[in-house]
Protein chains: 2
Amino acid sequence: MDEQLEFLREIDKLKNVIRKTPLIDNYRKENSAEHSWHLAMYALILSDSSDQEIDINRVIRMLLIHDIVEIDAGDHPIHESTENENQEALEIEAANRIFGILPDSQGGDLIKLWREFEEGVSNDAAFAKSLDRMQPLIHNIETDGGTWAEANVTESQVNDRYGPTISSGSTGLWGKAKVMVKNHFA
Amino acid sequence: MDEQLEFLREIDKLKNVIRKTPLIDNYRKENSAEHSWHLAMYALILSDSSDQEIDINRVIRMLLIHDIVEIDAGDHPIHESTENENQEALEIEAANRIFGILPDSQGGDLIKLWREFEEGVSNDAAFAKSLDRMQPLIHNIETDGGTWAEANVTESQVNDRYGPTISSGSTGLWGKAKVMVKNHFA
Ligand SMILES: [Ca+2]
């Protein structure tokens, strides 16, 4: 139990990883811990919107842990112009260090779950990724453009960067999102 | 889906409900959204520590939603000297308003789950409540006393206010906590 409590102390640091996305009230930027809570709630509420059959409890777990590597590797939003080639290596190192605090089999299971999310191939991962893309879209729209306005992103760029990921988990969600985006840029 | 998305926008406000508990780095107070994420992680990691048989997926859901009523009713820490008699009524009203944004059956299920947590009687609720009491204890100890120092709380008061709730879900966790508390006040 000592290792488990040490892990739970360590991940408190995710509350200080600041994302680019604003809160809906536009008062401050979101941190990755509260973002992870919000996404787990997205999964719980929108589970019926997945196109494929999913195990919603696995999706919730995936979303709870999906950003923990950011404690070491930072948050890298999709509109960043410079790609860090080492980002993947950094994140794997982070996963090994942080989940490695846990007892071996528990830590190993969470590393596997995180890699499944990153790969985005399984039904559960595809739906988790579609929610992870949907939530900032809503926040950007609610804050008069949010990170899109900051980065001068156009409607077609939004459709290109959000559409494939959202629709690969839920065509219903992307149907809603596409209309919101259209109205936003109109 | 519109009602569900409206609910997910509404609960963004939980990120602005500030608790008394400090983050472990003592840089700022915790908000109730990131706290809910942290507790869901406590459940995921510590599920084997429950004394009773539990459905860990229900415990995680319970903890994800347990503080949402605070959007309307505020956070009420256990060391507050004044008890608000209307607090329970306020929270029920809050649950009805906020979960009421959802489609009827989905909202009704979450209100029931929240009431089960509040009652703290079922195995799942007892374990959820023990984690909700354990986490701030750890944060107080990691920050040289945190809210205990602010309120001049003694060792025996800590044992009285944390012990029954933590041990009713997990005697193992309380065993660990009791030693931490003893060392803290030594
Ligand atoms: Ca991220």
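A, B, ... follow the sequence lines: proteins, then strands. Residue 1 opens every chain.
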Completion exercise
Per-residue tally against chain A (heavy atom, under 4.5 Å) across B/L64, B/I24, B/L8 peaks at B/L8
Exercise for the section: Answer yes or no: are there more than 12 heavy-atom neighbours, outside A/N183 itself, under 6.0 Å from its atom CG? Expected result: yes
Exercise for the section: State, yes or no, whether a side-chain contact exists between A/D25 and B/D12 at a heavy-atom distance under 4.5 Å. Expected result: no
Completion exercise
Smallest heavy-atom separation, B/S49 atom then A/M1 atom, equals OG-CE, 3.4 Å
Problem - Check: B/D2 and A/K176 side chains under 4.5 Å, non-hydrogen atoms - result: yes
Problem - Contacting region of B/N31 [heavy-atom separation from chain A under 4.5 Å] - result: side chain
Handout entry: Test item: A/H38 side-chain N/O and B/I11 main-chain N/O as donor-acceptor pair under 3.5 Å
Key = no
Practice task
Could you tell me the separation between the CE atom of B/M41 and the CD1 atom of A/I68, rounded to the nearest 0.5 Å?
Solution key: 4.0 Å
Exercise for the section: Return yes if some donor-acceptor pair links the side-chain N/O of B/W37 with the main-chain N/O of A/H35 below 3.5 Å, else return no. Expected result: no
Exercise for the section: For A/E6, look at atom CD and say whether over 12 heavy atoms of other residues, nucleotides or ligands are found less than 6.0 Å away. Expected result: yes
Exercise for the section: Please look at B/Q4 and chain A and tell me whether the side chain, the backbone, both or neither of the residue comes under 4.5 angstrom of a heavy atom of that chain. Expected result: both
Handout entry: Interatomic spacing from CZ in A/R9 to CD in B/Q135 - rounded to 0.5 Å
Key = 11.5 Å
Exercise for the section: Could you tell me which portion of A/L23 (side chain, backbone, both or neither) has an atom closer than 4.5 angstrom to a non-hydrogen atom of chain B? Expected result: both
Handout entry: Worked check of side chain to side chain contact (heavy atoms under 4.5 Å, CB included) between A/R61 and B/I56
Key = CA-CA 11 Å; A/R61 285 164 194 227; B/I56 188 58; 3.4 Å; yes
Exercise for the section: Measure A/L173 against the heavy atoms of chain B and call it side chain, backbone, both or neither at under 4.5 Å. Expected result: both
Exercise for the section: Report yes if the side chains of B/I60 and A/I60 come closer than 4.5 Å at any heavy-atom pair, otherwise no. Expected result: yes
Handout entry: Any A/N16 side-chain heavy atom under 4.5 Å of B/R28 side chain
Key = yes
Problem - Backbone of B/N57 reached by a side-chain donor or acceptor of A/N57 within 3.5 Å - result: no
Practice task
Mark yes when over 12 heavy atoms from residues, nucleotides or ligands other than A/D144 sit less than 6.0 Å from its CG; otherwise mark no.
Solution key: no
Exercise for the section: Mark yes when over 12 heavy atoms from residues, nucleotides or ligands other than B/K178 sit less than 6.0 Å from its NZ; otherwise mark no. Expected result: no
Completion exercise
Max heavy-atom pairs within cutoff under 4.5 Å with chain A, candidates B/L14, B/L110, B/D48, goes to B/L14
Problem - Over 12 non-hydrogen atoms of neighbours within 6.0 angstrom of CZ in B/R97 - result: yes
Exercise for the section: Answer whether the closest heavy-atom distance between the side chains of B/L5 and A/M180 falls below 4.5 Å. Expected result: yes
Practice task
Go through the atoms of B/K15 and report whether side chain, backbone, both or neither lie under 4.5 Å from a heavy atom of chain A.
Solution key: both
Handout entry: Greater than 12 external heavy atoms within 6.0 Å of A/E155's CD
Key = yes
Handout entry: chain A contact via B/I45 - which portion, at a heavy-atom distance below 4.5 Å
Key = both
